[in-house]
Amino acid sequence: MVLTVDGLRMRYGETNVLRDVSFEAPPGEVLALLGPNGAGKSTTIEILEGFRLRSAGWVEVLGVDPAAGDENWRSRIGIVLQSWRDHGNWRVGELLQHFGTYYAPYSTPATPRPWPTGELLGAVGLTAAAGQKLKTLSGGQRRRLDVAIGIVGRPDVLFLDEPTVGFDPEARSEFHDLVRRLAADQGTTILLTTHDLDEASKLAHRILILSAGRIIASGSTAQLTQLIAGEDEVRWTVDGRPFHHSTPDATTFVRNLFTTHGATLTDLEVRRASLEDAYLTLVRDQTPERA
């Protein structure tokens with residue numbers, strides 16, 4: 001396993017921020033960590049990145065305890081924060097090339113580091129901005145650069161914290177394609193935190209929902225919606241009479257409706273259970289007292 005977390009606890013004074021958090025992630029998995037503000041997402045990520053010491057529990061990232069990770073271990077980790085400060089007079093291409101020099105000593109035949117600057121610019125859609133100074137970039141371009149900095153070393157593990165904030169729809173779609181390629185083609189394990197449930201549904205192989213410091217649900221989007229949000233709802237009319245039915249498989253049910261009723265079937269409406277339904281159901285049911 002690339003990520004192994006078992007019984008993770010974090011306590012600040014009298015406050016328990018994380019309580020017995022456990023999960024694993026293999027190579028190439030995209031794992032989304034969801035939860036309301038204050039659920040413990042950022043603390044979990046910071047412990048995995050080696051930036052915060054845990055109170056108790058077992059944690060391994062790439063077979064190493066993050067608290068003891070050395071420079072070689074850090075060269076295999078990529079991090080995209082929500083924001084960071086830098087010198088606005090750097091040019092985009094020069095900055096990426098400069099950061100790449102830090103990873104070159106850790107290059108191997110199996111994992112050449114860093115990512116060539118030209119290829120990296122193309123991957124994040126910044127080729128045309130290679131010569132621009134950072135202070136002239138738009139918000140969306142700036143966020144693409146944040147992502148590029150996070151993956152310049154071809155990481156084996158990539159932590160993404162709200163990565164598409166400020167992206168327009170086209171840039172978001174291109175970024176999603178990049179994440180899928182990193183996971184599928186390079187075997188990069190990706191841990192994503194986001195408040196965009198649609199993004200989590202599109203990208204993640206598996207979703208963890210964290211509330212009050214505990215993981216209260218884990219599974220794919222389909223598994224969570226079916227088990228928690230309930231069945232799909234189908235409404236239709238036949239000869240002026242309205243009907244309603246709940247089903248776990250709306251596609252098959254609707255196909256059978258057309259076979260049975262043909263042209264007399266009208267006003268068909270299908271409402272599928274969504275990740276948002278499942279998420280809201282879970283979080284609303286979890287109060288601090290019950291957790």
Side-chain angles (χ1 to χ4, degrees), residues 1-8 18 20-35 39-51 54 57-66 69 73-81 110-111 113 115 123-124 147 150-164 172-211 214-228 275 278-279 282:
M1 287 292 169
V2 174
L3 302 179
T4 302
V5 179
D6 185 20
L8 175 61
L18 297 175
D20 292 322
V21 171
S22 300
F23 62 89
E24 293 181 329
E29 181 175 43
V30 181
L31 187 63
L33 187 59
L34 306 182
K41 302 187 302 298
S42 295
T43 299
T44 301
I45 294 293
E46 289 171 358
I47 290 171
L48 293 173
E49 293 170 342
F51 292 141
R54 61 191 181 275
W58 181 260
V59 178
E60 278 192 353
V61 178
L62 297 169
V64 174
D65 183 340
W73 177 80
R74 292 192 179 280
S75 73
R76 303 172 65 192
I77 305 296
I79 299 173
V80 178
L81 303 174
T111 308
R113 310 179 195 275
W115 198 324
V124 298
V147 174
I151 65 175
V152 66
R154 292 186 187 272
D156 297 311
V157 179
L158 179 61
F159 296 102
L160 299 175
D161 188 5
E162 298 285 346
T164 57
R172 182 175 290 106
S173 177
E174 292 173 352
F175 174 75
H176 289 175
D177 289 340
L178 172 61
V179 169
R180 295 186 188 101
R181 292 199 307 272
L182 288 171
D185 300 340
Q186 300 193 32
T188 306
T189 300
I190 299 172
L191 184 56
L192 163 75
T193 65
T194 179
H195 284 98
D196 187 336
L197 300 184
D198 181 60
E199 180 169 76
S201 181
K202 289 178 178 178
L203 286 180
H205 300 116
R206 188 159 50 99
I207 294 168
L208 306 178
I209 299 180
L210 194 65
S211 180
R214 295 183 186 273
I215 292 178
I216 58 174
S218 173
S220 67
T221 297
Q223 290 170 333
L224 292 177
T225 54
Q226 185 172 355
L227 292 175
I228 300 164
L275 177 61
Y279 174 82
L282 280 165

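Just so it is clear, the structure is predicted and the values come from calculations on it, not from any experiment.
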Practice task
Determine, step by step, whether L81 and F159 satisfy the side-chain contact (heavy atoms from CB on, under 4.5 Å) criterion, reporting the C-alpha distance in whole Å, the side-chain angles of both residues, the deciding distance to 0.1 Å, and the verdict.
Solution key: CA-CA 8 Å; L81 303 174; F159 296 102; over 6 Å; no
Exercise for the section: Start with the C-alpha distance between W58 and V5, add both sets of side-chain angles, then the distance that settles side-chain contact (heavy atoms from CB on, under 4.5 Å), and finish with yes or no. Expected result: CA-CA 6 Å; W58 181 260; V5 179; over 6 Å; no
Exercise for the section: Might you work through the side-chain contact (heavy atoms from CB on, under 4.5 Å) test for F23 and L8, ending with a clear yes or no? Expected result: CA-CA 9 Å; F23 62 89; L8 175 61; 6.0 Å; no
Handout entry: Test side-chain contact (heavy atoms from CB on, under 4.5 Å) applied to T4 and V59, step by step
Key = CA-CA 6 Å; T4 302; V59 178; over 6 Å; no
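Taken from CG in L3 to CG in L62, the straight-line distance is 7.5 Å, to the nearest 0.5 Å. With values rounded to the nearest 0.5 angstrom, I77 atom CD1 is found 9.0 Å from L48 atom CG. Note that CG of L33 and CG of L208 are 6.0 Å apart. Values are rounded to the nearest 0.5 Å. Atom OG in S220 sits 7.5 Å away from atom CD1 in I207 (nearest 0.5 Å).
With hydrogens and angles left out, the side-chain atoms of T193 and E162 include no donor and acceptor closer than 3.5 Å. Side-chain contact annotation: T189 with E29, donor-acceptor N/O pair under 3.5 Å absent.
Scanning both residues, V80 and G150, for their nearest heavy atoms gives CG2-CA, 3.9 Å. The heavy-atom pair separating W115 from A123 by the smallest distance is CZ2-CB, 4.0 Å. Nearest heavy-atom pair across H176 and T164 is NE2-CG2, 4.4 Å. Residues A39 and S211 come closest through the heavy atom pair CB-CA, 4.1 Å. Between T44 and G40, the shortest heavy-atom distance links the atoms OG1-O, 2.9 Å.
D177 meets the salt bridge (charged side-chain N to carboxylate O under 4.0 Å, His left out) test with R180; sequence neighbours excluded.
Checking each of L191, I190, V157 against V2 for a side chain to side chain contact (heavy atoms under 4.5 Å, CB included) leaves exactly one that passes, namely V157.
Annotation: side chain of V179 is in contact with side chain of L160 (closest heavy-atom distance under 4.5 Å).
The pair R54-D65 meets the salt-bridge criterion, since a charged nitrogen lies less than 4.0 angstrom from a carboxylate oxygen.
For E46 (side chain) and T43 (main-chain N/O), no donor-acceptor pair under 3.5 Å exists by modelled atom type.
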